[in-house]
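Heads up: the structure comes next, in structure tokens.
Computed from a predicted model, the values in this text were never measured in an experiment. Residue numbers start from 1 in every chain, and the chains themselves are labelled A, B, ... in the order their sequence lines are given, proteins ahead of strands.
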Protein chains: 2
Amino acid sequence: MGPMALGKDYAQQQCSIARALEVVGERWTLLVVRDAFYGVRRYNDFLVHLGIPRAVLAARLQALVEAGVLDRRRYQESPPRDEYVLTERGLALWPVLRSLGAWGRAEVPGAVPLRHFHHADCGTELGPYGECPSCRVPVPLADVEMRPGAGLDPDPADPVSRALLRPRRLLVPLEHTSS
Amino acid sequence: MGPMALGKDYAQQQCSIARALEVVGERWTLLVVRDAFYGVRRYNDFLVHLGIPRAVLAARLQALVEAGVLDRRRYQESPPRDEYVLTERGLALWPVLRSLGAWGRAEVPGAVPLRHFHHADCGTELGPYGECPSCRVPVPLADVEMRPGAGLDPDPADPVSRALLRPRRLLVPLEHTSS
DNA sequence: ACCAGTCGGTTCGGTGAATGAACTCAAGGT
DNA sequence: ACCTTGAGTTCATTCACCGAACCGACTGGT
């Protein structure tokens, strides 16, 4: 029924993990959410950055809006254009992305880090739970600065990846040179 | 090519989150891993507890073994029977499951908790990152006790769910009345 | 007025994965 | 000899994903 995709939802699973996966467990979904943290807000930016099929992206965005993870809002009339922004509930997914990223990084032993996350106030790199080891406080998302790591392709093809190459705060929208 | 399922892997994603999802991002995979933490080790136990199609379970187990998340080992000859146990790399997925579960629990506002996780040494419920708030140490997985919450069905159909109703340590294998 | 281009989709045919049911094989029990 | 259990495999159907093409509203250029 709901937004869940594959055939049926996780049947009679009595488990909050299964409930979470019904919302964010489909292919591409968590990558869309990740991009939203990085400041991506527009259909076309998700599209070129993820390399996702258009129909799938439209479906995921709609499902995430219905699940209350993203908020869709008009940012201009004529032509009507909407952007997708993380809600409170969406922001609460940050620990999931952190832990997944930490695990994925450890997967490849000799891998060079791709992105670093720092406390903008003091510059220290965040600890495993998104806390600042030197200030000893959990860092609010708006105070997290993302910096490119050495493993990142220095000259990517699409403009979104290029924009994400320079250090930037989380959640700050990508710039779009207005006409 | 590899163990990834859907059509192709996450293309050219330069992202450790995407790398993690290539391993554990498919449908059912994280639920299999969750069950492994709960002490499920055998094909048939996964099968009845998850309600997963047989072919899919076989494929997931094989993929997880190839990815180094599970270890397959013979526990009896004649008839040859194997069990699937979490490796070091698999155990490192615990924070992912914790954070997903925490998010899924918060999804439904009025929901009664389904399972609690306590520090076996002192009885205190674990904090959000699997640490013990009173002992102020990260609790090793073997010292985590899982207790049923009020939201859990008190009389489930399958024997695995029934076995998981009583308080038990993580990773301890389910009992099987040997012949 | 005309044309090209952008943005945010929808439609469509082909492919491949998930599903549930049936079947296999080996061993044990009775 | 027959039934059962565990751990799969095979198979037909269904369904989701994929890529490319198409569409509609607008905008900017000439």
Quickly work out the [X] [atom1] to [N] [atom2] distance and round it to whole Å.
X	N	atom1	atom2	result
Tyr43(B)	dA7(D)	OH	C1'	6 Å
Asp82(B)	dA26(C)	CG	C1'	14 Å
Asp45(B)	dG8(D)	CG	P	13 Å
Leu47(A)	dT10(C)	CG	C1'	14 Å
Leu50(A)	dC17(D)	CG	C1'	15 Å
His176(B)	dT4(D)	NE2	P	21 Å
Arg27(A)	dC15(D)	CZ	C1'	16 Å
Leu57(B)	dT9(D)	CG	P	11 Å

* Under 4.0 angstrom, heavy atoms only, what part of the nucleic acid is Ala55(A) near: base, sugar-phosphate, or nothing? ->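 Base: the residue Ala55(A), judged by heavy atoms under 4.0 Å, touches a nucleobase.
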* Which is it for Arg41(B) and Asp35(B) under the salt bridge (Lys or Arg N to Asp or Glu O under 4.0 Å) test, yes or no, and what are the steps along the way? -> CA-CA 8 Å; Arg41(B) 294 184 169 192; Asp35(B) 272 19; over 6 Å; no
* For DNA chain D, whose closest nucleotide is more 5', that of Asn44(B) or that of Pro80(A)? ->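 Upstream on the strand: Asn44(B).
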* Would you say dA7(D) has OP1 or OP2 under 4.0 Å from some side-chain N or O of Tyr84(B)? ->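 For dA7(D), OP1/OP2 do not have a side-chain N/O of Tyr84(B) under 4.0 Å.
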* Asked: When only distance counts, do a donor and an acceptor, one from the side chain of Arg54(B) and one from the base of dA7(D), lie under 3.5 Å apart?
  ->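 Per atom types, the contact qualifies.
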* Asked: Aromatic rings Trp94(A) and Phe117(A): how do their planes relate, parallel, tilted or perpendicular, breaks at 30° and 60°?
  ->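 Perpendicular.
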* Residues sharing Val108(A)'s hydrophobic cluster, by side-chain heavy-atom contacts under 4.5 Å among ILVMFWY, directly or via others? ->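 Reading the cluster by chain and number, Val108(A) sits alone, since nothing else belongs.
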* Residue-level proximity of residues 71-78 of chain B to DNA chain D when a heavy atom falls under 4.0 Å ->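 Arg72(B), Tyr75(B), in order of number.
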* Qualifying salt bridge (Lys or Arg N to Asp or Glu O under 4.0 Å) pairs, either residue in residues 110-137 of chain B, two or more places apart ->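 Listed once each, the pairs would be none.
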Among [options], which is the nearest nucleotide to the side chain of [X]?
X	options	result
Val56(B)	dA25(D), dT9(D), dA18(C)	dA18(C)
Arg42(A)	dA7(D), dG8(C), dT10(C)	dG8(C)
Pro79(A)	dT27(D), dA18(C), dC18(D)	dT27(D)

* Asked: Which atom names give the shortest non-hydrogen contact between Leu174(A) and Ala163(A), and what distance separates them?
  ->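 Leu174(A) and Ala163(A) have their closest heavy atoms at CD2-CB, 4.1 Å.
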* Does the distance from a Lys or Arg side-chain N to an Asp or Glu carboxylate O, for Asp82(B) and Arg42(B), drop under 4.0 Å? ->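 Salt bridge: no.
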* First of Ala59(A) and Arg81(B) reached from the 5' end of DNA chain C, by closest nucleotide ->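 Final value for this comparison: Ala59(A).
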* Asked: Taking side chain as C-beta onward, heavy atoms only, is Val144(B) less than 4.5 Å from Leu126(B)?
  ->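 The answer is yes; the side chains approach within 4.5 Å.
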